[in-house]
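Beneath this line is the structure, given in C-alpha cells, with notes to follow.
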Number of protein chains: 2
Amino acid sequence: MATAYEKIAGGLRARIRAGELAPGDKLPSEATLVKESGKSGPTVQRALSVLQEEGLIEKRHGIGNFVRKPRTKALRDNCRHQWEKDRARESVELRKQTGATEHDTGLEIDDLVFYASYRKTKATAELAEVFGLPEGTPLLKRTYRTRYAAETAPFNLVTSHLVHSMVEGNADLLDDANEPWPGGTQNQLHTVGIELDRIEERVTARPPTPEETEELELLPGTSVIVLRKISYDIKDRVVDVSDITLPGDRTELLFTTRLERW
Amino acid sequence: MATAYEKIAGGLRARIRAGELAPGDKLPSEATLVKESGKSGPTVQRALSVLQEEGLIEKRHGIGNFVRKPRTKALRDNCRHQWEKDRARESVELRKQTGATEHDTGLEIDDLVFYASYRKTKATAELAEVFGLPEGTPLLKRTYRTRYAAETAPFNLVTSHLVHSMVEGNADLLDDANEPWPGGTQNQLHTVGIELDRIEERVTARPPTPEETEELELLPGTSVIVLRKISYDIKDRVVDVSDITLPGDRTELLFTTRLERW
DNA sequence: GAGTGGTCTAGACCACTGT
DNA sequence: CAGTGGTCTAGACCACTCC
C-alpha cells in the first residue's frame, strides 16, 4: 500500500463512497489531479484505471472521467422454465404472443430483435461427457443473440446443443429460418415427443474475454455471468446443453427454491 | 485499435489459447518481450496487465509471469436448502455431524473453520423494503466467515439479517458464542416456531472491491458472485435476508428446477 | 482551438526471489 | 548477486469532443 497511485485512487474512492462525488458526476480533470497530487500524468492515469477496473468510474475520451451509474438489471427468473413448459402444448396462436424472454422482461415481442444460426457439429470430449454419449456424436449447435430493439448490444450470448438424432425426426427443427420458434425450445422438443423433467443451471462469473466485451458492448470494469443450462427429459436423458453469457452489470438471475412442508 | 500494447497482448493471448503456452507455463520475461517487440518497458507491462485483468495470466514479483491455471470450484447446490430443512427437526447429535456447507463440499466438519459475529442494528431503508417493515425496525445482523482449515482465505463472506422481534424469544439465538449452531439457520428459526416455505436467491456479478480482494485473497482478474438470499416462512413473511459474496474463480452455483409432468 | 483523455518512450530506482 | 517484475517521471505526440 501507500504507492502514489493507490493513494490517489483511495482518495477518490473514498469521496465516491461518501457520496461527495455522486453517480454521473464528473471527476476532477487529470491535469487537475496532477497538480493536486504533485505526481506525474501516467501515475494519475494509473490511479484512474484502477478505479475503472473496479467498475467505479467510466472514462470518456475527450470529455472527462465520471462516476459510473448502476445499470438497471434485466431479471431472469427460473420460473420461466415451468412457464415455458406449460405453453409448449398450447396453440400456435397463443405461443406466438410471447416467449420466455418477454415473460422475464415484461416486454412485447416487437421490442426484441432476435438472431439465430444453426450448424451441425460433432460432440467434443467435454460435451460428450455431459450428454453421456460417445465423442463425435452428431449434434445440432444453435447460436442465439437477443437484443432490445432500442439498443445495439445483445443482452446475452447463447449457444445451445441438441442431439441431432433426437430432433432430426422433424425437419423444421434443423432450419434456423424457423426462428424465432413460437413456444421456444420446449415446444420444439415436444414436436419430437420429448418432455422435460428438470433443468440444471450452473452459474459462475469471470472477467469478459475481448470478444465478449465487443459483442455485449461491455465497459471496462464489468464482469460476465456464465451459465450452463442442462435440460433432462423424463427418461433422464440430457437433451440440451446451453452455454449462456450474460453481462454482470445488466443481469440479475432469480432462483426460487420451494421447500416441502413439515 | 492496433495499439502497441494491444498487439503484444493479442499475440500472447493467441499463444495461450492455442495451448502453445499451457496453464502454469512461464511467459517470456519482460526484458525478452521488450527486445522482441522493440517497444519500451512500460508498454510491455501494460500489455501484460491487460492479460492479468482478463484473468489469463498471473504476475509473480521477482519470479515471472505465468499462464493462470483454472481453480477447482466449490459447488453450492440449491438442494442444500431442502436438505437443511429436513435436518432442522432432527436430534442435536445428528445435526452436529454436518452442516449445509459440509453437505455441499463433501468435507468433514473438522476441515472447516468458522467465525461468526452478531450485532443488533436497525433496518436501513433498503432492508426495510425487502422485509416489508418500517425503516428502523430492530434487526439482528450476523456476519460469517467460513474457510478450509488448510487455507487462509474464507470462501465466502456472509451477512445475514433476522428480524429481532421474531427471534428474541430464544436468548440463545442472540449470542454468537453459540455458533456454529448445529443444524444452521433453519434449526435456529425452528426453535422460535418458524418454518420456511421457500428461498429466493438473486445472483449477479461484478469486479471485487479492494476489501473483498483482501478478505477473499483474490488475484487480479477475478470477479465476485453476489448473491442475495431471501427466506420466506409459511406465513409468507420475510424472515431472513442474507448477502453473500463468493469468489468467481472458486465457486459454482447449481440450481435445479424441477418441472411438473404433463 | 481549447480542453480532455490515450499512448508511448528512455531511463532511473525500488522490491522481491532464488542461488 | 543476478534476474525479474513494480513504480515513477517528464515530456512528446495523438485522438476525441465541444464550442
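Just so we're on the same page: letters track the sequence lines, and every chain starts at 1. Hydrogens, waters and symmetry mates are skipped; everything else that's a heavy atom, side chains included, is used.
When each of B:Leu253, B:Ile230, B:Asn78 is checked for a side-chain contact (heavy atoms from CB on, under 4.5 Å) with B:Glu201, only B:Asn78 meets the rule. Checked options A:Leu27, A:Asn65, A:Val44; the residue passing with A:Leu33 is A:Val44 (criterion: side-chain contact (heavy atoms from CB on, under 4.5 Å)).
Atom CD in A:Glu30 sits about 17 Å away from atom P in D:dA15, given to the nearest Å. Atom CD of A:Gln45 is separated from atom P of D:dA12 by 16 Å (rounded to the nearest Å).
Counting only distance, with no hydrogens or angles, the side chain of A:Asp175 and the backbone of A:Ala177 share a donor-acceptor pair below 3.5 Å.
Annotation: cation-pi geometry not satisfied between A:Arg250 and A:Phe155 (NZ/CZ under 6.0 angstrom from ring centroid, within 45° of ring axis).
Shown here is B:Glu129, whose CD atom has no more than 12 heavy atoms of other residues, nucleotides or ligands within 6.0 Å. Within 6.0 Å of the CD atom in A:Glu217, the count of heavy atoms belonging to other residues, nucleotides or ligands exceeds 12.
Residues from residues 47-69 of chain A with heavy atoms under 4.0 angstrom of DNA chain D, sorted by number: A:His61, A:Gly62, A:Ile63. Taken residue by residue, residues 35-43 of chain A places heavy atoms nearer than 4.0 Å to DNA chain D at A:Lys39, A:Ser40, A:Pro42, A:Thr43.
In this structure, B:Arg46 reaches the C:dT7 phosphate: one of its side-chain N or O atoms is under 4.0 Å from OP1 or OP2. For A:Tyr5 and D:dT7, the shortest distance from a side-chain N or O to OP1 or OP2 is below 4.0 Å.
Comment: B:Arg228 engages B:Glu126 in a salt bridge, judged by a side-chain N to carboxylate O separation of less than 4.0 angstrom.
Ring-plane geometry between A:Tyr118 and A:Tyr144 is classed as perpendicular, the angle between the planes exceeding 60 degrees on a 0 to 90 degree scale with a lower cut at 30.
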